[in-house]
Undergrad: 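First the structure, which I've put down as structure tokens, then a few questions once you've had a look.
Below, each value reflects all heavy atoms present in this structure, side chains not excepted, and no hydrogens, waters or symmetry copies. Letters A, B, ... are given to chains in the order of the sequence lines, protein chains preceding strands, and every chain is numbered from 1.
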Amino acid sequence: MERTHTCGELRKDDVGSSVVLMGWVAKKRDFGPLTFIDLRDREGITQVVLNEETSPDAHAKAKDIRGEFVIGIKGAVVEREGTHNAKLATGDIEVHADELLIYNTAKVPPFELEKSGSQNLASEDLRLKYRYLDLRRPQLQNNIRMRAKAVAAIRQYFDGRGFIEIETPILLKSTPEGARDFIVPSRIHTGKFFALPQSPQILKQITMISGFDKYFQIARCFRDEDLRADRQPEFTQLDMEMSFVNREQVYREIEGMFNHVLRLIDVEFPTEWPRMTHSEAMRRYGSDKPDLRFEMELQDLSSALKDTEFAPFRDTLDRGGEIKCIVVKGRSDYSRKQTDEIQEYVKRYGAGALAWIKIAADGTLASSLLKVLGEEKIAELASLAGAEKGDAVLIVAGRRSVVAASLGALRLEVARREDLIDRTAYKPLIVTEFPMFEHDEESDTYIAAHHPFTSPMDEDIELFKTAVNDASQHHLLGQVRAKAYDAVINGYECAGGSIRIHQKEIQDLNFKALGMTPEKARERFGFFLDALEYGTPPHGGFAAGIERTCMILCGTENIRDVMAFPKTASAQDLMMDSPGEVDDAQLNELGIRVE
RNA sequence: GGGGUCGUAGUUCAGUUUGGUUAGAACGCCAGCCUGUCACGUUGGAGGUCGCGGGUUCGAGCCCCGUCGGCCCCGCCA
């Protein structure tokens with residue numbers, strides 16, 4: 001028996017032909033002398049009919065068949081008359097089998113692959129343990145295949161643009177990224193370790209120094225940090241780098257690549273995406289990756305409260321903090337319970353409290369601040385926020401970073417609760433001019449906001465030099481902007497990159513800014529500093545998360561839906577039960593003792 | 001490292017508010033019947049250490065303590 005068709009391709013035109021189909025039994029419906037089998041392969045489902053009168057042997061064999069058995073059938077394609085099934089792509093036809101081969105039996109699966117009606121899927125841990133069964137579900141099949149298409153489209157794009165695909169090693173030395181490394185012991189050099197790449201950052205810069213000019217790679221990356229719905233310990237990124245380019249030229253490639261990929265789901269982005277500086281994004285949306293599918297921008301109430309005597313606000317403003325709000329349209333009916341919930345929500349992000357104003361449909365004002373600020377001030381604030389009758393205003397005061405984080409998160413949370421997000425919309429954005437450094441409150445030091453090879457903006461070079469060389473001006477580092485940028489789609493950071501430093505002096509300056517001694521810098525990236533001195537071209541690039549991109553293509557908010565074999569939130573593989581222990585012999589060979 | 005939430009039949013859940021006889025439903029599974037189903041129908045049946053351990057109580061799925069695991073979030077992830 002040789003397969004002639006898949007289970008997804010037979011149509012009316014095929015009626016009359018003799019076909020052989022192979023696949024898994026998705027469903028059997030036994031009517032005694034007549035048996036129906038829904039036969040499934042990766043392309044779809046075809047209904048097979050076994051009739052006791054016309055093919056008794058095949059019909060008799062079907063008696064033993066259960067779900068997920070692997071079978072092959074041979075028979076004639078017959079048009080369904082009056083019984084056509086609109087839910088199936090093959091629903092106009094069915095195959096009347098006269099031969100049936102059972103290639104393999106299957107145990108009853110530990111969960112139902114396709115639940116009927118409104119029943120939920122089995123719990124995720126069970127499905128992860130039997131990932132090979134879960135992957136048979138058409139939904140996951142589609143996601144994994146969409147991922148393959150996306151990667152193919154990316155390769156096609158960069159190949160067409162003259163980029164060269166170069167593989168960099170998985171066994172590396174620890175790279176400068178901030179995350180924890182996965183380390184691999186060396187047997188030959190006992191006591192020494194390789195590190196798995198968190199990204200091929202340094203190596204791709206070295207390919208520029210080597211003169212490859214336009215490089216790309218579909219690179220596996222590893223970070224030993226805690227997981228999230230959109231984070232796994234190993235993930236894949238599209239990594240690219242170009243020489244002799246400015247930021248706009250890199251943006252063009254980001255736009256070109258994503259525009260090409262998004263066509264897979266018939267989304268047409270503008271040739272040039274909107275741009276927004278980091279500071280504007282933080283001010284208007286409280287986020288460096290704003291979701292532009294809905295409005296609800298943050299409004300600043302600080303100026304209207306500059307003379308307030310209400311202690312919490314007074315303190316906030318005196319300490320350089322701010323008071324901002326969002327307006328929730330039509331929700332002046334928020335209950336005490338709901339505002340309490342919202343308060344609990346913002347507290348996670350460090351906000352001390354949540355204040356609110358509600359404007360009833362008749363204009364009556366209610367507010368948690370009514371007693372302390374008075375009706376007149378409340379009305380002024382509501383008006384300043386742009387609130388109208390029927391709206392609710394949610395207010396947070398505090399440090400700028402806390403106000404941004406809490407209101408930025410609350411903006412998304414409220415949008416979800418109020419169903420304000422258009423699920424069919426796709427809004428791209430390039431966020432520019434990220435700060436070069438972030439201030440670490442605890443150690444009162446400045447750390448690289450991007451990575452230590454990111455170039456400062458030309459306009460800020462003098463500021464940068466002053467901040468580094470004059471200890472009393474160190475705080476100015478917080479104002480230095482970098483030639484760093486992110487690509488954001490629907491609030492997901494899909495790609496990030498920068499123009500790199502190509503002059504050794506600037507690089508040295510940057511290490512100094514980060515509090516790294518020349519010796520320390522040399523110890524960590526001496527080879528790279530050496531390379532910088534042998535004719536480094538100006539260069540820049542970006543890296544795009546393959547999983548994040550596929551999540552958007554597949555419309556899912558869970559990274560596990562776009563990976564074939566993902567790990568749980570506690571970084572375990574439930575199917576193969578990894579990580580696992582190793583033999584003492586293996587450890588001895590590596591000179592490792594486990595406490 | 002911290003917080004939230006969930007854990008009851010093979011699966012998804014109800015039952016926990018207010019402790020009380022024999023822990024239910026649906027789907028799945030097993031056996032029979034059925035020639036047009038596609039969430040087939042129908043008759044019958046099997047199936048439970050209520051995550052695990054301890055405690056309170058005459059009595060615990062339900063209350064208390066601990067513990068393990070899934071998911072989500074904060075920190076972390078440039």
Undergrad: Below 4.0 angstrom from OP1 or OP2 of C74(B), is there any side-chain N or O of K347(A)?
TA: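 For C74(B), neither OP1 nor OP2 has a side-chain N or O of K347(A) closer than 4.0 Å.
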
Undergrad: Please give, in whole Å, the distance from G10(B) C1' to D134(A) CG?
TA: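 Between C1' of G10(B) and CG of D134(A): 16 Å.
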
Undergrad: Could you measure between the two P atoms, the one in G7(B) and the one in G15(B), and give it in whole Å?
TA: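 Rounded to whole Å, the distance is 10 Å.
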
Undergrad: From the list U12(B), U35(B), G69(B), which nucleotide is the closest neighbour of the side chain of Q572(A)?
TA: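 Nearest listed nucleotide: G69(B).
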
Undergrad: Nearest-Å distance, CE (M575(A)) to C1' (G69(B))?
TA: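 In whole Å, G69(B) C1' lies 19 Å from M575(A) CE.
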
Undergrad: Is it the case that G36(B) (base atoms only) and E94(A) (side chain only) share a donor and an acceptor within less than 3.5 Å, ignoring hydrogens and angles?
TA: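 Answer is yes: a donor-acceptor pair is held.
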
Undergrad: With rounding to the closest Å, how many angstrom separate the C1' atoms on G55(B) and C74(B)?
TA: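 Straight-line distance between the two C1' atoms is 33 Å.
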
Undergrad: Can we say R336(A) and D340(A) salt-bridge, meaning some charged N sits less than 4.0 Å from an Asp/Glu carboxylate O?
TA: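 Looking at R336(A) and D340(A), the cut-off is met.
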
Undergrad: Return the nearest nucleotide to the side chain of R80(A); candidates are C77(B), G36(B), C27(B).
TA: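 The answer is G36(B), which lies nearest to the side chain.
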
Undergrad: So which one's nearest nucleotide on RNA chain B is more toward 5', K87(A) or D230(A)?
TA: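 Comparing both residues, the 5'-ward one is K87(A).
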
Undergrad: Please give, in whole Å, the distance from G3(B) P to Q343(A) CD?
TA: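 Interatomic distance, CD of Q343(A) to P of G3(B): 20 Å.
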
Undergrad: Counting Watson-Crick and G-U wobble pairs only, both distances under 3.5 Å, name the nucleotide matched with U57(B), or none.
TA: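 With both distances under 3.5 Å required, U57(B) matches none.
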
Undergrad: For Y349(A) and C74(B), give me the distance from atom OH to atom P, rounded to whole Å.
TA: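 Rounding to the nearest Å, OH of Y349(A) and P of C74(B) are 4 Å apart.
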
Undergrad: Does the side-chain ring of F36(A) lie flat on the base of U37(B), meaning centres under 5.5 Å and planes less than 30 degrees apart?
TA: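 Yes, aromatic ring over the base.
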
Undergrad: Starting at the 5' end of RNA chain B and moving along, which residue's nearest nucleotide shows up first, T454(A) or V49(A)?
TA: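 Closer to the 5' end of RNA chain B: V49(A).
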
Undergrad: Should the side chain of R348(A) and the base of C72(B) be counted as holding a donor-acceptor pair, with the cut-off at 3.5 Å?
TA: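 Answer no: no donor N or O sits under 3.5 Å from an acceptor.
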
Undergrad: Report yes if at least one side-chain N or O of K129(A) is closer than 4.0 Å to OP1 or OP2 of G70(B); otherwise report no.
TA: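 Answer no for this pair, as no side-chain N or O of K129(A) is under 4.0 Å from OP1 or OP2.
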
Undergrad: With a cut-off of less than 4.0 Å, is there a side-chain N or O of Q47(A) near OP1 or OP2 of G36(B)?
TA: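 The answer is no; no side-chain N or O of Q47(A) sits under 4.0 Å from OP1 or OP2.
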
Undergrad: Classify the ring geometry of H439(A) against Y446(A): parallel below 30°, tilted from 30° to 60°, perpendicular beyond 60°.
TA: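 Tilted.
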
Undergrad: Taking atom C1' in both C73(B) and U11(B), what distance in whole Å separates the two?
TA: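 That atom pair is separated by 28 Å.
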
Undergrad: Check the phosphate of C72(B) against R560(A), side-chain N and O only, distance under 4.0 Å to OP1 or OP2. Yes or no?
TA: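 For C72(B), OP1 or OP2 has a side-chain N or O of R560(A) closer than 4.0 Å.
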
Undergrad: Strictly below 4.0 Å, N to O, side chains only: are D508(A) and K504(A) in salt-bridge contact?
TA: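 A salt bridge is present here (some side-chain N lies under 4.0 Å from a carboxylate O).
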
Undergrad: As a test of reading the structure: which of U11(B), U35(B), C38(B) is closest to the side chain of R29(A), going by heavy atoms?
TA: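 For the R29(A) side chain, the nearest candidate turns out to be C38(B).
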
Undergrad: Can you list the steps and then say if D181(A) with F193(A) is a side chain to side chain contact (heavy atoms under 4.5 Å, CB included)?
TA: CA-CA 11 Å; D181(A) 285 315; F193(A) 297 85; over 6 Å; no

Undergrad: May I ask you to evaluate whether R228(A) reaches the phosphate of C74(B), defined as a side-chain N or O under 4.0 Å from OP1 or OP2?
TA: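 So the side-chain polar atoms of R228(A) do come within 4.0 Å of the phosphate oxygens OP1 or OP2 of C74(B), strictly under.
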
Undergrad: Using atom P of each nucleotide, how far apart are C6(B) and U17(B) to the nearest Å?
TA: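 After rounding to an integer number of Å, I get 14 Å for this pair.
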
Undergrad: Is it true that, when you exclude R400(A) itself, more than 12 heavy atoms of the residues, nucleotides or ligands shown sit nearer than 6.0 Å to its CZ?
TA: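 Not buried by this count: 12 neighbours or fewer within 6.0 Å.
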
Undergrad: Students often get this wrong, so: under 4.0 angstrom with heavy atoms, is L126(A) touching a base, only sugar-phosphate, or nothing?
TA: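 Sugar-phosphate, backbone atoms only, no base.
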
Undergrad: I'd like to know if the side chain of R231(A) reaches the main chain of D226(A), judged simply by a donor and an acceptor atom lying under 3.5 Å from each other, with no hydrogens or angles considered.
TA: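 Yes, the answer is positive, given that a donor and an acceptor are paired below the 3.5 Å cut-off.
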
Undergrad: Test for a donor-acceptor pair under 3.5 Å between the base of C38(B) and the side chain of N85(A), counting only N and O atoms.
TA: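 Donor-acceptor pair under 3.5 Å: yes.
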
Undergrad: CD1 of I37(A) versus C1' of C38(B): gap in Å, rounded?
TA: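 Whole-Å distance recorded here is 13 Å.
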
Undergrad: Please verify the inter-ring angle class for Y130(A) with Y132(A); under 30° counts as parallel, over 60° as perpendicular, anything in between as tilted.
TA: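 It falls in the perpendicular class, over 60°.
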
Undergrad: At under 4.0 Å, does any side-chain N or O of T83(A) touch on OP1 or OP2 of U37(B)?
TA: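 For U37(B), neither OP1 nor OP2 has a side-chain N or O of T83(A) closer than 4.0 Å.
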
Undergrad: Need the pair for U5(B). Rule: Watson-Crick or G-U wobble, both distances under 3.5 Å, any strand; none if unpaired.
TA: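 Pairing partner: G70(B).
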
Undergrad: Could you measure between the two P atoms, the one in G69(B) and the one in G53(B), and give it in whole Å?
TA: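 Per the computed distance, 16 Å lies between those P atoms.
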
Undergrad: Nearest whole angstrom, please: distance from the C1' of C76(B) to the CD1 of I447(A).
TA: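 Atom CD1 in I447(A) sits about 11 Å away from atom C1' in C76(B).
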
Undergrad: Whole angstroms only, please: what is the CG-C1' distance between L574(A) and G69(B)?
TA: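 From L574(A) CG to G69(B) C1': 9 Å.
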
Undergrad: Base, sugar-phosphate alone, or nothing: which one does D224(A) contact when heavy atoms must sit under 4.0 Å apart?
TA: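 Here D224(A) touches no strand at all.
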
Undergrad: Out of C76(B), G10(B), U12(B), which has the shortest distance to the side chain of D226(A)?
TA: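 That would be C76(B).
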
Undergrad: Give a yes or no on whether the backbone of Y285(A) and the side-chain of R411(A) come within a donor-acceptor separation of less than 3.5 Å.
TA: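 Flag not set: sc R411(A) to bb Y285(A) has no pair under 3.5 Å.
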
Undergrad: Take atom C1' in G51(B) and the same atom in C68(B), then report the distance between them in whole Å.
TA: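 These two C1' atoms come out 8 Å apart once rounded.
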
Undergrad: Would you measure the distance from the C1' atom in G10(B) across to the matching atom in C29(B) and give it in whole Å?
TA: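 8 Å, rounded to whole Å.
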
Undergrad: Respond yes when some side-chain nitrogen or oxygen of S570(A) is under 4.0 Å from OP1 or OP2 of G69(B), and no when none is.
TA: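 Indeed not, no polar side-chain atom of S570(A) lies that close.
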
Undergrad: Can you tell me if the side-chain N/O atoms of R66(A) get under 4.0 Å from OP1 or OP2 in C30(B)?
TA: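 So the side chain of R66(A) is within the cut-off, an N or O lying under 4.0 Å from OP1 or OP2 of C30(B).
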
Undergrad: With a cut-off of less than 4.0 Å, is there a side-chain N or O of N558(A) near OP1 or OP2 of C72(B)?
TA: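 Checking C72(B) against N558(A), a side-chain N or O does come within under 4.0 Å of OP1 or OP2.
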
Undergrad: Round to the nearest Å and state the distance from D38(A) atom CG to C38(B) atom C1'.
TA: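 Value for this atom pair: 6 Å.
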
Undergrad: Could you tell me how far U18(B) sits from U22(B) if I compare only their P atoms? Round to whole Å.
TA: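 These two P atoms come out 24 Å apart once rounded.
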
Undergrad: Which nucleotide wins on minimum distance to the side chain of F31(A), given the candidates A39(B), U37(B), C76(B)?
TA: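 The answer is U37(B), which lies nearest to the side chain.
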
Undergrad: Look at atom NZ of K289(A) and say whether more than 12 heavy atoms of other residues, nucleotides or ligands are closer to it than 6.0 Å.
TA: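 No.
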
Undergrad: Taking any strand in view, what nucleotide pairs with A23(B) in a Watson-Crick or G-U wobble way, both distances under 3.5 Å?
TA: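 Its partner is none (no Watson-Crick or G-U wobble pair with both distances under 3.5 Å).
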
